[in-house]
Amino acid sequence: MSGLYDVDNVSLDLAAPSAGLQRLLPGSAPRMTILSSLSLSIGHGEMLGLVGESGSGKSTLARAMMGLVDITDGKLSFEGRPLKGRADFVKVRQGAALMFQDAVASLSPRRKVAAQLIEPFQINGVPLPDGDRAPAVMLERVGLSSSLGQRYPHELSGGQARRVSVARALALKPKLVIADEPTAGLDVSVQAEILNLMTGLRSDMGLSFLIITHNLAVVRHVTDRVAVLYLGRMAEWGPTREVFARPYHPYTRSLIAAEPQADPRKRRPDLALKGEIPSVLARPSGCEFHTRCPIARPRCAVEEPESNMITPDRMVRCHFAEETRIETQGGNHGT
Amino acid sequence: MSEALLKVDDLSISYASEEGPVQALRHATLEARAGEAIGIVGESGCGKSTLASALITLLAGNARVTSGSVQFGGRDILSVSEEEKRKLRGRHIAMIFQDPMTSFNPVLTIGEQLVDFQDQREGLSKPEKRQQAALMLKRVGISDPVRCLDRHVHELSGGMRQRAAIAAALLMAPQVLVADEPTTALDVTMEAQIIHLLRELRRDYNGAVVIVTHHLGVVGELCDRVYVMYAGEVVEEGSTDDVYHNPRHPYTQALIACDPANLHEQTPVLPTIPGRLPDLVNPPRGCSFAARCPRVHERCRSEGPDYVEVGPRHRARCHEARS
């Protein structure tokens with residue numbers, strides 16, 4: 001079954017930033033694997049969360065999906081049509097929109113908000129839907145006053161800039177919005193406003209969202225499904241509610257346990273996850289998580305785990321997922 | 001209970017602007033005791049950064065103290081000479097900034113800077129100071145401290161940079177350590193590690209720790225007491241446990257409610273705080289939260305509430321707090 005956007009076994013290699021001469025010799029330049037055999041499907045009207053630490057490849061995947069970086073292997077398809085060349089991606093950019101991580105930096109500092117809102121129409125040669133009123137209509141749709149169109153980006157608050165980037169993403173009435181850290185750097189009350197705006201747009205317009213974030217609390221509340229990425233490979237995915245209630249991959253469990261607790265009675269005495277995500281230049285053998293995994297065994301360092309479909313809608317890539325599964329189901333894991 | 005090491009008393013600070021003075025901090029009162037970690041929490045524009053910069057006497061050029069004082073070591077450190085302030089900073093009161101990338105000089109090695117920071121330490125040779133620096137790097141969990149000394153800041157990962165910044169702040173064993181959003185630039189696992197490190201360091205550090213953040217989770221994990229700020233005022237203070245489990249100011253209640261981390265059930269619509277911050281050039285005559293408060297009544301708009309005691313070392317600035 002094909003979804004709205006399908007990522008099928010996608011890999012992405014880049015030339016390693018190696019020293020001078022090596023680069024000039026054909027074929028010998030070392031490559032680094034950024035994404036490795038990733039598969040992901042976003043359904044119509046679905047909100048999918050993509051989580052992982054910095055360096056896990058989340059943003060690279062988003063850029064590859066929009067054709068901003070080329071994949072090395074695998075297949076991307078939008079609405080069932082495979083995307084092969086530049087021309088395909090130009091079309092995709094009308095049906096799917098990317099909201100960049102830094103909302104203020106994604107706007108030009110020298111142009112007024114209104115002028116930037118109508119850019120997607122100009123670039124794609126689409127007539128303005130409401131004529132001169134277009135920017136005002138777009139601003140009102142995201143809950144901003146139309147007078148904001150006359151301001152420059154530096155005159156906006158963080159929350160306002162974020163709403164403007166939502167408005168701009170919605171310009172061409174896309175079916176999918178890829179939001180890269182849509183609430184990073186926002187206060188909690190403003191964060192809640194932006195998330196409510198996104199969930200509202202989804203039910204009003206039937207939009208699909210791919211939300212890329214390292215904020216698990218956000219993912220837990222707004223997404224239907226969640227995919228966990230580690231060092232460019234999928235560790236686990238499944239329905240959000242189930243993954244949070246019973247995470248099977250030790251990495252997912254560590255991420256959930258790492259979230260700071262506002263309630264001082266729930267302070268955690270020990271550290272969930274030690275060390276840092278390894279460099280893509282020194283990708284660990286076997287399971288790439290074994291260097292930090294609390295349950296790693298000798299096998300993990302040698303043998304790559306297979307993608308294991310535990311149920312038709314849950315995948316986990318871990319040699320010992322079955323054991324973890326029995327353990328978590330046996331134990332009492334309340335909220 | 002030990003005496004307060006650092007005491008902020010009725011402190012008001014305004015910034016010059018074209019529209020008139022912006023009253024960014026109004027009548028703030030706070031104390032930090034030895035061995036205690038306090039949190040200052042609030043959203044953008046609440047005045048927490050102004051308060052933090054006052055604690056380390058690093059106020060912006062257009063800032064003016066209009067009332068009150070910051071008492072440390074028996075004197076008001078905001079009114080001493082620049083020379084004296086410079087001697088306080090780093091030696092007695094140190095700060096960890098949000099972005100560790102910009103708290104180091106990019107063209108000097110970490111080692112050169114950690115040696116320079118010990119400028120006021122007498123009787124130590126340069127190699128000895130370097131030795132001290134390496135020891136401190138080791139203490140903050142940098143596994144190869146000697147190699148780290150020869151690195152530049154851009155060569156370190158985000159987590160390592162923040163560890164190095166913490167080492168720099170603790171180098172002179174200051175009595176007060178102020179950390180401004182120490183984990184905001186980090187992702188969730190690095191954040192957990194830095195929280196863990198700060199908690200460990202606290203065990204053998206007997207100074208006072210002040211954590212400034214917009215993140216309730218960081219306060220919950222690290223602080224004994226918390227001060228909640230809104231629109232330039234401290235609106236509630238108390239033990240972290242009391243404030244979290246029994247918040248008395250409607251703003252504190254709203255802030256806790258709209259943090260998705262505190263919601264156990266998945267909900268399609270997250271709670272928000274409708275309305276916006278008041279204009280701080282002309283702060284409201286009554287309670288500054290009145291325009292957004294769900295429990296507002298007539299009196300709140302005309303009369304500013306007193307800061308009332310609602311429990312042991314628990315106070316709130318609200319007419320309704322006692323009821």
Side-chain angles (χ1 to χ4, degrees), chain A residues 51-56 157-159 183-196 199-200 202-203 213-223 240-241 244 251 254-277 279 292 334-335, chain B residues 41-46 141 143 157-160 183-193 195-197 199 214-224 226 239-245 254-274 276-277 292:
Chain A
V51 301
E53 291 165 280
S54 313
S56 60
S157 71
T183 63
L186 297 180
D187 286 324
V188 280
S189 65
V190 182
Q191 165 176 293
E193 285 173 18
I194 296 291
L195 295 173
N196 288 345
T199 46
R202 173 210 187 180
S203 44
T213 179
H214 61 250
N215 187 331
L216 293 176
V218 165
V219 167
R220 191 200 308 249
H221 286 287
V222 303
T223 63
T240 304
R241 203 181 284 260
F244 276 88
Y251 180 58
S254 310
L255 278 184
I256 294 173
E259 269 195 294
Q261 299 291 323
D263 183 349
R265 292 179 199 171
K266 291 187 184 159
R267 263 179 211 178
R268 296 172 320 262
D270 34 290
L271 202 53
L273 196 54
K274 297 196 174 81
E276 298 190 24
I277 193 164
S279 158
R292 300 166 80 192
T335 45
Chain B
V41 69
E43 298 187 286
S44 309
C46 72
S143 52
S157 68
M160 285 300 146
T183 65
T184 303
L186 306 171
D187 67 23
V188 59
T189 49
M190 277 308 119
E191 175 170 62
Q193 293 187 13
I195 286 173
H196 187 76
L197 170 66
R199 207 189 280 155
H214 71 278
H215 193 345
L216 288 167
V218 174
V219 171
E221 291 283 350
L222 277 173
C223 302
D224 307 307
V226 58
S239 75
T240 309
D241 196 85
D242 283 345
V243 171
Y244 182 80
H245 287 282
L255 192 64
I256 293 172
C258 67
D259 184 353
N262 293 329
L263 301 169
H264 297 306
E265 288 301 310
Q266 195 169 10
T267 144
V269 182
L270 298 167
T272 60
I273 308 178
R276 57 179 67 186
L277 274 176
R292 304 172 81 178

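These numbers come from a predicted model, not from an experiment. Here is how names work: the chains are called A, B, and so on, in the same order as the sequence lines, proteins then strands, and each is numbered from 1.
- Using a 4.5 Å cut-off between heavy atoms, B:Met160 contacts chain A through both its backbone and its side chain.
- Here the side chains of A:His214 and B:Thr189 are not in contact, with every heavy-atom distance at 4.5 Å or above.
- Between the side chain of A:Arg220 and the main chain of B:Pro260, no donor-acceptor pair closer than 3.5 Å is present.
- Both the backbone and the side chain of A:Leu273 come within less than 4.5 Å of a heavy atom of chain B.
- Among B:Gly141, B:Pro274, B:Cys223, the residue with the largest count of heavy-atom pairs under 4.5 Å with chain A is B:Cys223.
- Most heavy-atom pairs under 4.5 Å with chain A, from the set B:Val243, B:Leu216, B:Asp241, B:Ile273: that is B:Asp241.
- In this structure, chain B has heavy atoms under 4.5 Å from both the backbone and the side chain of A:Ser54.
- Between A:Lys274 atom NZ and B:Gln193 atom CD the span is 9.0 Å, to the nearest 0.5 Å.
- Contacts of B:Ile195 with chain A are made by side-chain atoms alone, with heavy-atom separations under 4.5 Å and no backbone atom involved.
- Put simply, the side chain of B:Leu255 reaches to within 4.5 Å of the side chain of B:Glu43, judged on heavy atoms.
- To the nearest 0.5 angstrom, A:Thr223 atom OG1 is 10.5 Å from A:Arg241 atom CZ.
- B:Tyr244 is not listed as a side-chain neighbour of A:Gln261, based on a closest heavy-atom distance of 4.5 Å or more.
- Contacts of A:Arg202 with chain B are absent, with no heavy-atom separation under 4.5 Å from either backbone or side chain.
- Heavy atoms of A:Leu186 lying under 4.5 Å from chain B belong exclusively to its backbone.
- Of the two parts of A:Asp263, the backbone and the side chain both hold a non-hydrogen atom closer than 4.5 Å to a non-hydrogen atom of chain B.
- Separating the CG atom in B:Asp259 from the CD atom in A:Gln191 is a distance of 7.5 Å, to the nearest 0.5 Å.
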